[in-house]
Amino acid sequence: MFFHLDFFHLVRTTDIISTVEFNHTGELLATGDKGGRVVIFQREQESKNQIHRRGEYNVYSTFQSHEPEFDYLKSLEIEEKINKIRWLPQQNAAYFLLSTNDKTVKLWKVSERDKRPEGYNLKDEEGRLRDPATITTLRVPVLRPMDLMVEATPRRVFANAHTYHINSISVNSDYETYMSADDLRINLWNFEITNQSFNIVDIKPANMEELTEVITAAEFHPHHCNTFVYSSSKGTIRLCDMRASALCDRHTKFFEEPEDPSNRSFFSEIISSISDVKFSHSGRYIMTRDYLTVKVWDLNMENRPIETYQVHDYLRSKLCSLYENDCIFDKFECVWNGSDSVIMTGSYNNFFRMFDRNTKRDVTLEASRENSKPRAILKPRKVCVGGKRRKDEISVDSLDFSKKILHTAWHPSENIIAVAATNNLYIFQDKVN
Amino acid sequence: MFTRGLKRKCVGHEEDMEGALSGLKTVSSYSLQRQSLLDMSLVKLQLCHMLVEPNLCRSVLIANTVRQIQEEMTQDGTWRAVTPQVAGRAPLDRLVSTEILCRSAWEQEGARPAPGLGDGHVQGPVSDLCPVTLAQVPRHPQSGIWELDGPQENRGGFHKSLDQIFETLETKNPGCMEELFSDVDSPYYDLDTVLTGMVGGARPGPCEGLEGLAPATPGPSSSCKSDLGELDHVVEILVET
């Protein structure tokens with residue numbers, strides 16, 4: 001069995017999407033964009049009349065999470081672009097999410113209001129104060145239904161803790177703390193406390209001239225609240241245990257694959273830089289994405305990954321021009337499906353790739369409006385590497401490097417995926433026969 | 001970039017060469033490509049400091065690349081052994097294909113104005129930067145590049161040439177990248193260590209261009225000297241050497 005996706009839903013946003021994330025039930029899908037906005041989609045409840053389990057995702061809430069700021073001290077602008085969104089598990093009727101730009105993390109509460117109190121004593125229907133002299137009776141206000149309103153309110157602002165650009169946030173499994181990571185430091189926060197955070201990793205050298213490595217991504221273990229990992233620009237992953245010491249500068253485990261000498265070039269280090277790291281849902285594995293591959297590591301084996309998947313190896317001979325046009329620095333993300341059996345990541349030309357870990361089969365699909373008609377099944381794509389190009393294949397030199405899929409998300413339990421292609425959000429669902 | 005167009009011609013002619021010379025041409029092509037990569041990296045480092053706020057990860061990766069090239073070029077400068085040329089044909093093909101790709105991309109770059117010019121913020125972050133030099137000890141190839149928040153005393157010895165560069169950037173047309181380095185002090189392009197004793201030197205192993213690392217001895221650039229005519233300053237150094 002392999003994955004047959006059919007096109008489901010396309011949403012056009014006004015700005016480039018910079019992050020996509022399902023919540024823990026998959027009922028909500030959040031996107032953040034370059035303009036600092038967050039848009040949340042909610043899955044429609046399936047009607048009893050529908051045979052297929054197809055709930056559409058409709059806009060649920062839109063709000064401006066971050067605004068552009070100016071750092072007067074350094075004379076630099078702080079972008080409002082949302083780098084990451086992470087949901088908190090739902091604990092009451094409201095939804096909570098963390099959103100972050102380069103410098104500031106915010107906790108947002110998204111809640112519904114479908115009733116409003118009417119019949120105040122001291123205020124009239126428009127909210128104006130009544131003249132006390134006119135009040136002759138006392139009554140208890142009652143709640144009456146109103147049109148559903150979804151409100152987003154910022155509940156916490158976690159600011160001024162990062163000198164460098166925040167690249168990751170991760171909610172801890174204790175649901176009380178979370179971490180934020182920038183290029184050189186990782187801070188631990190308590191959700192209730194905004195004026196203080198603990199620094200748990202600091203790789204800034206005393207002499208900045210000696211800086212050769214930065215933190216690229218970080219994530220908490222899904223079950224063990226004392227464990228987290230962070231990846232580096234040198235292609236290494238460190239697993240840290242917060243019980244060992246307050247400052248986790250010494251790792252508990254160090255994951256690095258020995259370099260392949262036959263593939264060595266001036267670009268080796270750049271393409272080994274890890275752009276994303278994700279724990280499997282089971283907590284047993286971690287997945288890393290570097291420029292050309294996706295790797296799966298077993299937490300129990302540090303000296304090499306257990307699986308390596310080639311995303312677009314045909315780019316290996318193009319590294320010089322990809323360096324020249326800066327594409328080599330693109331940071332692709334990677335995701336697991338709910339059962340950790342399939343992994344997905346993006347590529348260029350609006351292609352994205354899926355790898356089935358069990359069958360070892362892989363597929364290349366395209367998120368484009370041309371071949372996205374409702375209920376049409378996505379056709380696998382193929383890149384022609386050399387020699388004769390077949391009819392449906394696309395040659396490497398025809399790839400559009402401005403169309404990159406950096407952000408994707410997978411529903412936690414179903415085969416529904418969200419793919420962000422510039423300012424288009426595609427939602428695909430597995431075709432259920 | 002001063003390398004634009006000129007080195008292309010040099011490499012293009014290599015396709016017609018055969019025999020014993022092909023190894024030598026591969027070597028010189030490798031060193032030219034390596035130099036091109038170095039120059040491109042330096043420009044990137046400078047440009048990224050003119051943007052809103054430099055992406056630290058990107059800057060670190062580029063600087064590490066520069067350091068690698070530097071180290072290799074420094075090693076080559078002291079390396080003397082002469083061994084017969086080995087399999088030059090396959091790597092040569094790879095060289096050419098890389099070259100072609102770089103060429104088309106670079107021709108576009110020439111038309112692209114450098115970002116951030118005319119922007120009032122250029123001065124601030126830019127003054128922290130020190131260009132990488134070959135003459136300086138490779139251990140500290142860049143000083144003060146990362147200091148976004150720290151003191152600015154780590155400027156190193158090339159403050160003067162740095163100011164010249166950015167004066168050029170501020171006053172001149174964005175398209176004149178070639179002139180960027182024409183005013184730079186000679187030590188910036190001191191290729192002495194690279195070029196001494198290189199006449200007739202062959203490289204030891206397969207050279208795969210920039211895609212493959214080899215402790216290659218760069219051949220003399222004299223065959224391409226005439227093509228570097230526009231680069232007054234560098235040519236002077238070569239001739240003097």
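Just so we're on the same page: letters track the sequence lines, and every chain starts at 1. Since the structure is predicted, the reported quantities are computational estimates derived from the model, not experimental observations.
- Of the atoms belonging to A:Ser273, it is side-chain heavy atoms, and not backbone ones, that fall under 4.5 Å from chain B.
- B:Cys57 approaches A:Lys331 most closely through the heavy-atom pair SG-NZ, 3.4 Å.
- In this view, A:Ile328 and A:Phe267, A:Ile270, A:Ile271, A:Tyr291, A:Leu319, A:Leu322, A:Tyr323 satisfy the side chain to side chain contact (heavy atoms under 4.5 Å, CB included) rule, not counting sequence neighbours.
- In terms of the side chain to side chain contact (heavy atoms under 4.5 Å, CB included) criterion, residue partners of A:Ser170 (sequence neighbours excluded) are, by chain and number, A:Met179, A:Glu219, A:Phe220.
- A:Ser232 does not touch chain B: none of its heavy atoms, backbone or side chain, sits under 4.5 Å away.
- Of the atoms belonging to A:Asp326, heavy atoms from both backbone and side chain fall under 4.5 Å from chain B.
- Contact check on A:Arg289 versus A:Glu333 returns no salt bridge, with no Lys/Arg side-chain nitrogen under 4.0 Å from an Asp/Glu carboxylate oxygen.
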